[in-house]
Every structure is written in C-alpha cells, then in structure tokens.
Amino acid sequence: MTEAGNVIPDKRIPIRGTRSLRWRLQFWHALILAIVVFIFAAAFYRQLRHSTFGEIDSELMSGAHVIEGVLRVLPPEQLNASLQDVPMELPDRLGLPPMGLPRDPRRPGRPMRGQRPLDSAERDRDPLPRLLSPDDASLYFVIFSKDGKVLRDESGEVLVDFEKPRNAIANRRIDERHEVLLRGPGDTVIVVGRDVHHQLDRLTHWLVQLILIGIGVMALGLIGGWWLVGNAIRPIEQISQTAAKISGTNLTERVDTSVMDTELQSLGSILNSMLTRLETAFEQQSQFIADASHELRTPISVLLSHCELALNRQRSAAEYQQTIATCQSAAQRMQTLVESLLTLARAEAGHLRLAREECDLHELAKEGVAFLQPFANEKKIVLVVQGGPALCWIDPGRVSQVITNLIQNAIVYGNQGSDSSTAKGMDAGEVGEEPDPPGSAAKVIVSTEDNGEFAELFVQDFGEGIASESVPKLFDRFYRVDTARARSELRLQTGSGLGLAICKCIVDAHNGHLSVTSKKDHGTTFTVAFPCKESLVAQSTESQYTK
Ligand code: ATP
Ligand code: MG
C-alpha cells in the first residue's frame, strides 16, 4: 500500500534473474541430466572398449598359447638358440584352437569335443596355415630368450621391445598396437601383438556418436525442462499478479484455484481465505472509524452549536450556566467514548494490564448492585443478588467494570416497557437481598455460582429479549440493537455500543468466557465465567467451558 492510500503499484515479482526459481530449477535439471547422460555414455563407452580389447586379448592369448605349445615340444637346449628355422605358425585367425586341434565352428577357440590332439605325423601332413593371414596382415609375434635375446622374430617392420612380464601372462598397449606377453618354457617370453588402429578408430567413431547423442538428449531435456518448469510456475505468476492487484481499496480479487495443481491449490485456497479475512478486517476497521467519527460528531456539534448560540449576543448568567452545563455533558460523553476506545485498542494490542488477585465474584456482584441501586430505583427496577461465594483469580477493578455494564444494560434495555404486569418468567417469591421499591415489579437478578472449575456470574432480566439475529453481533463495537433509537437524543444520553465489546475484551484477557442467551419477550441472561484456579488462568478456556 502507498502512503497516500490504498493503491499498490502493479509491480510484478521478477521471475527472471539468478535468484529466479525457474532458472534455479532449470540449472539443477540440466546438471542432473548432464550427470545422467555422462554416466550413461561413459559406462557404454567403457563397456564397448572393454569388450573390444577383451576380444583382442583373448585372440592374442590363444595365439601365444599356440606358440607356447610349439616351444614345449622342443628340447630345452634349443630354447637358447635361434628358432628362426623351427616351423612355427599361428592360426589364420586369432581365436582358433591351439595348434594341432581342429576347431569347433560353433565354439571358436575351443577344440571339438571328443577329438584327440594331432600327432606329429599328422601335423606334418597338415601344415598349419600361414603366420599372417592375408586379411589380417598386422598380426605378429616375437620370441625372446630369458635374457632378452630375440630367438624368433615374426614382427616384420614392427619394433618389439623386450619386457619380462611380472606374471605368467600380461598385456600392453604401445601406440596403436596391442600385445600379449606370455612366459614360455625355459623362461622364454612370447610376445604376440597386432595393430589395433581399426578398433581405435571404431571406438573414436563411437565416442563421437555418443557425444552427439548426449548433446541431443541434453538439448531435448533442457527444452522439455524449460517448458515443464514454465508450466509449473505459471500458477505462481498468476498468484503474484493477483496479489499485485490487491490494495486497500480492492480486496475483492481472488486467486483462481480451479486451474491449479493440487499442491498449489491449497496454497491458493490459503491465500484466498487470508484475503477474505483481510477484507473483513479492513471492512471492520473502516466501519469502526466511521462509527467512532459518527459518535464523536454528535457531541462535538452539540458543543459547537451551544457555544455559537451563547456567543451570538449577550446572555444572562443563568443562560451561560445552562450552556456550560450542556458543553460539560458533551465533553464528558466524548471523554467516556475516547476512554472506551483506548481500552479497546489496548486490549486488542494485548496491552491490557491485569492486576490479578483472588476475588469473590459474589462480593463484586453485591458491590455492583449497590453502586447501581440509585439508578435502578430511578428506573423502578428491583436488583436482586443471589447465589453463593465464587472465588476466582481476576483483576477486581476490570471485572467490576464488566459487572456494572451488564447490570446497567439489564436496567436500561432489559426492562424497557415492562411494568408489574408485563414482566414475565420471574418468580414473585424469589428471595432478594434488596427490598422491592413500592409500585415496581421489574426485576434484575444477579447471581453467582462456583461449579468447581469456573466461577460464574449471571445477570438476568425479564424484558423483551434480543432478536436472535442480533445476538451474534452484540459484542461488536458500536453495535446497538435498535439503530433507529441509537441515533435518537435518548440514546445519545445512554450508550455508544462499546460496553459489551469492552466486557468481552476484559473477559477474554482473563481467559474467561462471556455469553448471552435471550428469548423474545422472556428476557436475557448474560453469563460470565472465570477459571477458579490460578493454574487454569494461563490456559485457554474456550474449549473447557461448556454450559
Ligand atoms: P455503552 O455500554 O457503550 O454505554 P450500550 O449499552 O449501547 O453503550 P452495549 O453495552 O455494548 O452498548 O450494548 C449493546 C447493545 O446491546 C445495546 O445497545 C442494546 O441494544 C443491546 N443490549 C445489551 N444488553 C441488553 C439487555 N439486557 N437486553 C436487551 N438488549 C440489550
Ligand atoms: Mg452498555
């Protein structure tokens, strides 16, 4: 709201920027997506690489075992000399069964079940295929003696380094070659290798493919995420737009929850109910200000008009006296009104100070009756005090104010138009502590009771009662049942409609309970209840008090 009044400028909550919910959601969504895509691509690539080189390894391994098989049949002394002339060949394809065993076409690398190894004569008759098959010219092998001397070199132009494997078998990668090292008989080292640049190219190709697919998935995910987040926060934007339209003069706007998701629907409903409460509070506040101004306007205009009249011309001393008396009564009325407003304001702000002590409600009732007795006599009303002691923990000054207002109301409103023949519902034989004034039958009974948990006080009259539609509004500020009469001069002298509101505030501040029951043409009973025990004072009695 602006200082001048009630207009809120149409400021939208900025949605964009680093602190924006949309950007933050988008960021986390992108991050999670990137991690998932990366993990998936990395796992896929790793598996691909692993299986590719695993295959090559097992192929080279079986090749090495073939050579090893040949070396095993050689006499040990030959393993130190050149093996260049020894017939020694690898199968035409890696992964073939060890030398001398026909391969099983269904299970490459394994000898056929039930077949025996070929003997040497058969081997001679069945020369092994050439070392390097024509379709895989990059395959090679070298046999080193235990001290690194080359015993057999079938590597062509490839330079193969000697290295003693730590274990019986090892593998290594040099540039674009892959090699398997096997410890052969007589501590020889058999190195079988091949060029793997085709496989590396294929892997690089796959890597590029995976990166491109990943980028595509990321792009799609980001676009989808942006759209989803936009949809998700649209209701929030709608709420903020509605909130921006709300001002002190326009509290009728509501958030449209029908198009929202369940989660946001409850937020929208909470906001709407808050707006309804605000609207009611604003209305009440405006009404209160209007009522207060109205109440003050009447005595002020009385005051001004009498002053003007007195100043118009020279007046007699008696006339001046009369004017001053009228002005005094108007000022007194204003003072009462302002004090009442102050009490209400303090009570609402929680600043109503209570000097609690243990008191007997019955005693306070008797004091109240004694105080208003002259007023009751004037109105020809009998005040009766009944019941017994009712101890409670209260501020006697404040509670006396409540009792006085209730008895005063009963005298003023509870017996209007009633006389000895019209007062109903009362027992002529009831015992009162005050004697009936002669010629009057209208009666107000003030009684007290201690029910163990609450000290209660009842103020009962037998007048015309209050219409049921007015009962819930009785404790509203400035509320008077007969508004036509409220505007009249008569009401100007009686009340402003704040008495019961103040009573309610005081009783509430004590954690007590104030209620009313009224029956048309049978009278009204106001009930005040205070917790008897000090321990109950701090607790809310709203739920405990049941009549
Ligand atoms: P104030 O007490 O501020 O001087 P008031 O008496 O008009 O003014 P309340 O005490 O708040 O204000 O009472 C509010 C209205 O409730 C009264 O104007 C009256 O119309 C109605 N009322 C209160 N007590 C009774 C009653 N015992 N019987 C009938 N109507 C009552
Ligand atoms: Mg009153």
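Because only heavy atoms are used, hydrogens play no part in the values below, and waters and symmetry mates are left out as well, while side chains stay in. Counting starts at 1 for both ligands and their atoms, in listed order.
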- Query: Taking only heavy atoms of Tyr479, which atoms of ligand 1 are found under 4.0 Å from at least one of them?
  - Reply: 14 (C), 15 (C)

- Query: Less than 4.0 Å between a side-chain N and a carboxylate O, is that true for Glu279 and Arg254?
  - Reply: yes

- Task: Tell me which part of Val412 gets within contact of ligand 1: side chain, backbone, both or neither, using heavy atoms under 4.0 Å.
- Result: neither

- Could you say whether the N/O atoms of Gly499 and ligand 1 ever approach to under 3.5 Å? yes

- Would a 4.5 Å heavy-atom cut-off, applied to side chains only, mark Glu357 and Pro396 as touching? yes

- Query: Of Leu31, Leu33, Ile32, which meets side-chain contact (heavy atoms from CB on, under 4.5 Å) against Ile35?
  - Reply: Leu31

- Gln408 N/O/S atom closer than 2.8 Å to the Mg ion (ligand 2): no

- Determine whether any heavy atom of Gly463 lies closer than 4.0 Å to an atom of ligand 1. no

- Axial cation check for Trp226 ring with Arg22, 6.0 Å and 45° limits: yes

- Item | Per-atom contacts, ligand 1 versus Asn405 - under 4.0 Å to a heavy atom | 2 (O), 10 (O)

- Item | Any donor-acceptor N/O pair, Arg346 side chain to His351 backbone, under 3.5 Å | no

- Query: Should the proximity of Ile466 to ligand 1, defined as any heavy atom under 4.0 Å, be assigned to the side chain, the backbone, both, or neither?
  - Reply: side chain

- Subset of ligand 1 atoms that lie under 4.0 Å from at least one heavy atom of Phe526: 24 (N), 27 (N)

- If we number the atoms of ligand 1 from 1 as shown, the ones under 4.0 Å from a heavy atom of Leu474 are 16 (O), 21 (C)

- Message: Would you compute the distance between atom CG of Leu303 and atom OG1 of Thr298 and round it to the nearest 0.5 angstrom?
- Response: 12.0 Å

- Task: Please say whether Leu500 places an N or O atom under 3.5 Å from an N or O atom belonging to ligand 1.
- Result: yes

- Query: Mind checking whether Val481 has an N or O less than 3.5 Å away from an N or O of ligand 1?
  - Reply: yes

- How does Val459 reach ligand 1, if at all, at less than 4.0 Å between non-hydrogen atoms: by side chain, backbone, both, or neither? neither

- Message: Test salt bridge (Lys or Arg N to Asp or Glu O under 4.0 Å) on Glu348 and Arg477; report intermediate values, then the result.
- Response: CA-CA 12 Å; Glu348 274 190 5; Arg477 290 169 293 186; 3.1 Å; yes

- Are Phe478 and Phe288 side-chain neighbours, meaning at least one heavy-atom pair lies under 4.5 Å? yes

